[in-house]
Amino acid sequence: MSRLEAKKPPLFISELLTKDTACQLLLLLSRIFKSSYGPAGRLKQLHSGVGGCVCTTSQSSALLRHLSISNAMFRVLTASVQNHVSRFSDCGLFTAILCCGLIESFRSLNVASCTVIKITRHLLSWCMDYLKSEACGCRVSVDFSSIETLACLVRSVLTSKPACMLNKTEVEHLTMLVLKAFLFTVPCHVETNAVLGKCVIVPVKGRRVMDSTVLPGLLIETPEIHLGTPLAVKRTGSNMIKIAVFCVSLSGDSFSPEEGTIAVHHGISLEMSELNQLLNVGKQLVNDEVSLVVCQKVIHPSLKQYLKENHVMAVDRAGLSQMEPLSRMTGSKPIASIHLLSPGCYGSLKDVSIERVASKHFVHLIPEDTVICSLILCNRTETAWDELKGVCETAEHVLQLTMKEPVALLGGGCTETHLASYIRHKSSSLSTSTFKDLGCSQTQYQLVADGFCRSLESVARSLNRDGGEILTDVVYGHCWFVPSGFLSVSNWSDVVSKCGCGINGNTEDLGWRILEGQSCSPVIQGCPKEPSVKVTDFLTLDCFAAKCSGLQVALETANLILDLSYIIEDQN
Amino acid sequence: LPMAFRGVNARRHIGLQQLSSLASAGRTFLGPVKSHKFIVDESTNQSTLICSAVRLLESLDLTSAAGQLLNETIQAQNKEFKTGMSTLLFLVGAWSSAVVECLQQNVPISAIVSVMSEGLNSCCERVQCLQISIHDVKKELCSSRVRPNAFECRAHQVGCDSLLNPQDLLCFQERISAPEVIPESSCSHQGDDCHFNKGLVSPLVAFGSAASLVKPAGDRSSSVIPRSGVSTSGCIKQKLTHSRYFSTLGKNHFSSQQGNFWGHSLRPSADPCECCDLGHLAMALSHGNRTGIKLLQSIVAYQQERAECSGSSQLNITEIVTCPLLGLPESCSCVSRGFVTLVSPEQAAVIKQFKDKPLRILLVDGDLTEQYRHLGFNRPHNVRTILEHPNLEGGRAGDTWLSRMLDILVGFEVSLVLVKGSVCKNLRDRCTASRILVVGPVPQDVLCAFGEVTGAQPVTYLSQLNPSCVGNGAQAGLWEASDGRAMDLGELVPVQINVRGIPLLTAVLTTAVASKVQLLEDQFWTSVYRLHHALEDGKVFPGGGAVELLCLSHIQVLTEQPVRPAKAGKEFPSPWLAAPVAEYKPLVLQALASGWKRYLSVVMCNMAKALSELEACALVDHHLRKAADSGSPSAYILELFRRGDLLGSGSGPFADHNEGLRVYDNVAAKTEAWRRALDLVLLVLQTDAEIITGPRRNELLNSPMSSEFMFL
């Protein structure tokens, strides 16, 4: 007998942004993101509270993965930031802070949300046009023929997460490794459509960062192999090693389907018949003169023994992540069924060797000409390693994005303040026809533009820690940092040394002023200039594509949230 | 999923406080004189005897985030080095309380982070000048031990050399004419910056450019061992080894071992000349762990003899296993060749029948049970077996498996089975009845060692067996303690499984006190790994606080240095990391120094060298002042070390044993322990919030702590 329960009516929530809890949550989220931002960002401990693994991080991807928010409105926010991060890896916190800032500054304005949306879209298109134009003062072109700018990009990513616990030497070492790994993934012979290769990160936890290294080809961990025994691998006529790659398990248990029941007669062993089939596969591999078998999953010990007796090297438990690069590197097709073994599946390798890193042994598969490499990544503790892994992946991704569009934006808050002062300058000289087109008054426009600029500046301001002060200058519109304790100084030029991105020094009077959160009368200023000298080494640079996308995502998401009037929650 | 959020009060950082209170429990484990602790479980009234940071953490409540991170850090150090965990734990505590003090004085976090981590880097670079290469240490230890009959040794050695290579006669003459070694006690009277050089020079190398070992380091130089010295050292080393092990004495020793196959226990020789210098090094690194060290010394001696043939000079850890044996006095501990393990009396009876017969051996690298399947094999749950014609006479299914396995073993004439995993009891009994010895669980390294020597190929299932898998030539016998008593241990009997030529050694650790079993094993492995890492590093630090003292003196120098203005353009981390360093630098450096200072004073208190930490600090300060006055702190500290006049030494626990015995520390293990400790403290320091996810949230909501949290 089944029992029916009456359906509950859906919950209808209105006045979303004026609710107390929503305000609190917005403030808290904003506080979490802002305090995590930048090289001096504060870390968050994410854990279950009952022991077990503690994740110490300031990365948006890790934070958002663990943050679970019941409020549907803010789930929209976290989902769109996560989506941005999954596409660009970088600038997640930037997006989140900017989005929170935009919501905060617009929700208190007495302007209809549709007007706000129209004006911000207009402002966004200005920003994007400016960023994409040659005249843009906050971007540098990336020269792929030298290493300096690329190193700056990588270094900026590596130093932006303090939970990696890297010192200067270690940052330099890893910068070079990440660059080296990236260069391995660039194909040497470019045909019509070149595809970048892949860098596989091999974890070695508990070791010094300086023990990290990059090797071409793939590494597969094999606990059983010992260094002492020399590798005797058969080679084909052209001195290559024939390799077969299995993605199906060869452990001898595939007779057990997911559903249904198999009935067998007593005395018949499914295991034995399965093993016989595996041994037949082994026979065929030997006949086909395969000399190396790699299996994603487990190989049955009997099959291993058979292969070994026939001088075929067998490596199992390669893992899913190795399959795609492995088949790409060797030209082999991963074999998905033991019944479908065709000679066309096999691939070839140049060499195989044994590598030892720390206490781990690896089989090193070396191809002829590769776009696949392995980054053996070491860090002292689990927590720091996890953070470092995320950072290295981001750095690789940033390099790939930069290759598509060889420009970078100035980091350290300079792009944000520069962009804000550009928008302030532009919006102060608008014609009345524009207001008519947008259907708003000049005051409304000014209010929204000011809110937009302050939100941008609030991203730069959240780089500030320990009660220092953030300045901006009237010439370049860059962002400057003054440590606490100097607030009574009359002349800022006595205390500032370099701007946030490191491109401008304290050489001339740049007209510094404090970047205030609540400036009601923005200083009327000229269009910010482009720095005259473009030093390319030791700059803080941000990924162009990621930042542009972040800016768009933040604004679109903020608009969406502002435009929400009701939430209808199904309570069943 | 629900979630709770707690901000950390910056001024009274709760994470740092947790770290320092957890760490305070481990202070008695510092230094060579450790106090044991009993950990009592109040619910069961059972207690455990512990004497190391790792074991301590196993019994502490570590559910807090900081506790978890501490455990993770200690485990990582343990996994990597097996030593330095107590140092790590102590420094975590000392540094976190020092950092809390900085916070209370309103030092910005970024200033603490940058000054402390750069300070530690600088100290680690600075102390590199104290490193002594293993080669030099060996000579030094040899000279200090062998001094009374140094000349005889030399003559003997050169005699051998000259047989091998007549050209060495020239060398011999040179050596004879070399100035006699200055006794170390006289070094102190010379008072110049150079004199400790001579102290270092051993009688064996007191010629030519041998005075290259440690030159008085100018305070700015970081490397003290000139390259030219290395080649000289290399050639001497060869001579040394030749003379030592191919002397008639050594040869006899080796062959007598070969002949006396069942001469089961190896003994360290009483004659220092015969004893290898690695043994001395092991002793100097062990910091007072007596029993373990004797065993290690015999292991080293044995491995070196073998290395003469194979050419490697490292300590091979995979060839060492331990067998704790309860019921015999600790003096019975010894090293036995092959694999010593405990078996049942019935199995022991089988072994007695084996006598000296060579046995056919089988290695199984899984469990030996009917249900066992290799890892990665998913057992089917949806297979139903249909029995059409029930056969009432046939036995149960398990019996058929047992007899099948037994048939296989009998068919291949296997008498000895070593199993990596667990063994089905019925099968073990049936095998014993058929005079087949099944031993398990056996460590992987043991399987490998037996596989290599006997030619046996490990199998996972007995059904895999073919003639090439079975090895030959193994022997099994009852293990006997040196005085012949061993058999009355009750339920389990120690047996020794051996093969001619196997490199495997078992350290049999005997004790009459059950609670000490774990302790002895831990201590033994610590000694083994210290020696292993020293050889791997190729260098050691002078011990007894020398390194920490130099760090302290270096911090004094750093404190006085003006803050370098950032060089334009060439200085990375951006201004975001450049806190107003100058203002807070002395304060933060002092916090860094306080870690080492407290370390030294606690070690001295533990050793009863000082009555109070205050007195100990005064002594440290005294030395620091003298080091600074001397103009070359590193030279001053090295001299103290040579004189045996460093903080703890002089009349230490070895005083009765050997006055001249020096103490050394591992290089990488020590500096890594520092780095890991500081990393942990700074990681927790930079944390400003705890986010708790999962089911614990509801508990928190109703707990008294709920006011600290925000619930999302």
Side-chain angles (χ1 to χ4, degrees), chain A residues 25 28 32 35 38-40 42-51 54 56 66-70 155 159 162-163 165 167 206 251-253 255-256 260-266 270 297-298 300-302 305 380-383 412 463 465-466 481 483-485 497-498 500 502 505 535 538 540, chain B residues 1-3 5 62-63 65 68-69 72-73 76 79-80 108-110 117 121 374-378 380 382-388 448 459-461 464 566 568-577 579-580 583 672 675-676 679 682-683 686-694 696 700 710 712:
Chain A
L25 190 55
L28 181 63
I32 291 177
S35 61
R42 297 283 178 260
L43 312 175
K44 309 286 172 280
Q45 285 172 342
L46 305 164
H47 62 113
S48 64
V50 285
V54 178
T56 310
H66 288 89
L67 285 181
S68 45
I69 297 162
S70 44
R155 211 182 284 121
T159 49
M165 302 311 287
N167 64 26
S251 74
D253 59 2
F255 55 81
S256 157
T261 316
I262 304 173
V264 287
H265 287 281
H266 179 73
L270 283 176
K297 294 169 184 169
V298 176
H300 195 288
S302 297
Q305 186 188 18
R380 291 179 176 81
T381 56
E382 184 109 16
T383 315
L463 285 166
R465 301 274 172 270
D466 298 321
F481 174 68
S484 64
S497 60
K498 260 202 285 184
V535 228
F538 293 95
T540 305
Chain B
L1 268 172
M3 180 183 97
F5 176 92
L62 298 169
T63 44
Q68 277 300 325
L69 291 172
E72 192 185 299
T73 310
K79 203 174 153 215
E80 184 75 19
I109 291 179
S110 44
S117 59
N121 273 344
H374 53 276
L375 217 62
F377 180 92
N378 295 312
N382 48 3
V383 177
R384 202 180 291 156
T385 307
I386 301 166
L387 189 55
E388 277 180 339
C448 288
V459 293
T460 309
Y461 300 112
Q464 277 175 265
K570 286 291 165 197
E571 199 74 352
F572 197 71
S574 63
W576 303 112
L577 296 175
E583 191 182 334
E672 275 298 289
R675 175 75 194 272
R676 284 167 203 257
D679 273 2
L682 297 183
L683 191 75
Q686 292 178 85
T687 304
D688 72 341
E690 249 182 285
I691 297 170
I692 296 168
T693 54
R696 257 278 284 185
L700 285 172
M710 289 179 80
L712 303 181

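Scope of the values below: all heavy atoms of this structure, side chains included, with no hydrogens, waters or symmetry mates. In what follows, chains carry the letters A, B, and so on, assigned in the order in which the sequence lines appear, proteins first and then strands, with residues in each chain numbered from 1. Source: prediction; values computed, not measured.
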If you tally heavy-atom pairs under 4.5 Å against chain A, which of B:R676, B:E80, B:R675 wins?
B:R675
Heavy-atom pair count under 4.5 Å with chain A, highest-scoring of B:E672, B:H374, B:K79:
B:H374
What is the minimum heavy-atom distance between [X] and [Y], and which atoms define it?
X      : Y      : value
A:Q45  : B:A65  : OE1-CB, 3.3 Å
B:G376 : A:D253 : O-OD2, 3.5 Å
B:I692 : A:S48  : CG2-O, 3.6 Å

Sub-4.5 Å side-chain heavy-atom contact between [X] and [Y]:
X      : Y      : result
A:H300 : B:Y461 : yes
B:D688 : A:K44  : yes
A:V298 : B:L375 : no
B:L683 : A:T381 : no

Of A:T383, A:V54, A:T56, which meets side chain to side chain contact (heavy atoms under 4.5 Å, CB included) against B:Q68?
A:V54
What part of A:R380 lies closer than 4.5 angstrom to a heavy atom of chain B: side chain, backbone, both or neither?
both
Can you tell me if B:E72 uses its side chain to pair, donor with acceptor, with the backbone of A:E382 under 3.5 Å?
yes
With a 4.5 angstrom heavy-atom cut-off, which part of B:T73 approaches chain A: side chain, backbone, both or neither?
both
For B:N121, is it the side chain, the backbone, both, or neither that has a heavy atom closer than 4.5 Å to a heavy atom of chain A?
side chain
Look up atom CD in A:Q305 and atom CD in B:Q464, then write down how far apart they are to the nearest 0.5 Å.
4.5 Å
